[in-house]
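One structure is given below, encoded as structure tokens.
Note that the structure is predicted; figures quoted are calculated from it, not measured. We count ligands from 1, going down the list as the structure has it; atoms in each ligand are counted the same way.
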Amino acid sequence: KSGGVVYFNNPMWPGEAHSIKVEKILFKEKSLYQEVLVFESLTYGKVLVLDGIVQLTEKDECAYQEMITHLPLCSIPSPKTVLVVGGGDGGVLREISRHSSVEHIDICEIDKMVIDVSRKFFPELAVGFDDPRVHLHVGDAIEFLKHAPEGRYDAVIVDSSDPVGPAQELVEKPFFETISNALRPGGVLCNMAESMWLHTHLIQDMISICRVTFKGSVHYAWTSVPTYPSGVIGFLLCSTEGPHVDFVNPINPIEKLEGADKHKRKLRFYNSEMHSAAFALPSFLKNELSWL
Ligand SMILES: NCCCN[C@H]1CC[C@@H](N)CC1
């Protein structure tokens with residue numbers, strides 16, 4: 001209710017909750033897949049919540065959208081074809097459109113309500129859908145990728161919600177195998193990879209799958225998102241067998257991309273220093289994750 005505080009507690013983070021002060025509820029409906037909530041907060045702008053889990057806020061979405069997009073796209077010389085899994089709010093599309101080398105963008109989002117709600121309440125993100133290179137597919141990415149042509153994409157970005165509910169199957173081996181098959185040799189995947197503070201078992205499971213599924217390199221990167229549980233979110237960066245990809249030192253630095261800032265909206269978070277720094281990991285994580 002307005003004026004109240006909303007608590008986000010969930011089996012994904014037992015024993016802790018995150019609260020944001022609600023100024024005004026703007027939208028609350030059940031889609032075919034989940035409950036979709038939008039509210040005006042006191043200090044983070046508008047907030048998108050799916051099944052009680054914060055997906056984005058206007059204040060800090062830049063960190064997530066910019067990092068999940070530019071970590072992969074700045075790691076290959078000239079990305080041309082990109083697939084977004086999830087991402088129905090349009091934020092990743094907005095970031096991809098900064099790359100003038102990109103010619104074709106497919107996006108596969110299962111829940112049309114997320115797209116419609118973003119267009120209405122988050123125009124700063126939904127602007128991504130206006131790019132003529134974008135081809136929208138409303139449906140299950142598991143099916144979409146099963147039928148994707150082999151070696152079709154230079155990059156795949158999995159901008160998913162947590163693996164509880166609609167996104168449950170997006171952390172399983174068969175799905176990663178279809179992604180690997182859909183990427184060209186030396187193609188790259190950037191996959192949302194939860195919190196190093198909360199989910200090291202899940203991260204380990206994903207890395208174990210990716211190390212056998214992607215014969216190139218597998219790296220873990222992370223960034224700060226204050227409204228996500230534990231205040232950080234990670235990304236799994238994988239490359240298929242083929243031309244070596246150095247994820248840590250961007251071969252295609254965003255600063256050299258003319259047009260990256262031509263947008264009326266400048267980059268707020270990502271830059272090449274943040275790119276490299278994102279791969280520096282705390283000792284507990286290096287010790288916990290078996291890279292071998
Ligand atoms: N496209 C908005 C972000 C979706 N990904 C998030 C990562 C993990 C969070 N617990 C919830 C959403």
Answer with side chain, backbone, both or neither: which part of Gln55 has a heavy atom less than 4.0 angstrom from an atom of ligand 1?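 Answer for Gln55: both.
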Over 60° means perpendicular and under 30° means parallel, so tell me whether His70 and Tyr270 are parallel, tilted or perpendicular.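 Aromatic pair His70/Tyr270 classed tilted.
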Testing the 3.5 Å rule here: is there a donor-acceptor pair between the side chains of Ser239 and Ser217?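 Yes, Ser217 and Ser239 have a side-chain donor paired with an acceptor closer than 3.5 Å.
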Is it true that the side chains of Ser272 and Glu255 contain a donor and an acceptor less than 3.5 Å apart?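 A pair is found: one side chain offers a donor N or O, the other an acceptor, under 3.5 Å apart.
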Quick check on contacts: which atoms of ligand 1 are under 4.0 angstrom from a heavy atom of [X]?
| X | answer |
| --- | --- |
| Asp89 | 1 (N), 2 (C) |
| Asp159 | 1 (N), 2 (C), 3 (C), 4 (C), 5 (N) |
| Ser160 | 4 (C), 5 (N), 6 (C), 7 (C) |

If you compare all heavy atoms of Gly86 against all heavy atoms of Glu109, which two are closest, and at what distance to 0.1 Å?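 Looking at all heavy atoms of both residues, the closest pair is C-OE1, 3.4 Å.
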Determine, using heavy atoms of Leu48 and all atoms of ligand 1, whether some pair is separated by less than 4.0 Å.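 Judged by the 4.0 Å heavy-atom criterion, Leu48 does not count as contacting ligand 1.
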Taking distance alone, with N or O pairs closer than 3.5 Å, would you say Gln65 contacts ligand 1?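 N/O-N/O distance under 3.5 Å: no.
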Would you check whether Trp13 has a nitrogen or oxygen atom less than 3.5 angstrom from a nitrogen or oxygen atom of ligand 1?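 Not met; the criterion fails.
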Within 6.0 angstrom of Glu241 CD, more than 12 heavy atoms from elsewhere: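 Count not over threshold, so no.
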How far is atom 9 (C) of ligand 1 from its nearest protein heavy atom, and which residue and atom is that?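 Going atom by atom, the protein heavy atom closest to atom 9 (C) of ligand 1 ends up being Asp162 OD2, 3.5 Å.
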Got a second to check how far Phe235's CZ is from Ile157's CD1, nearest 0.5 Å?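 Reported to 0.5 Å precision, the distance equals 10.5 Å.
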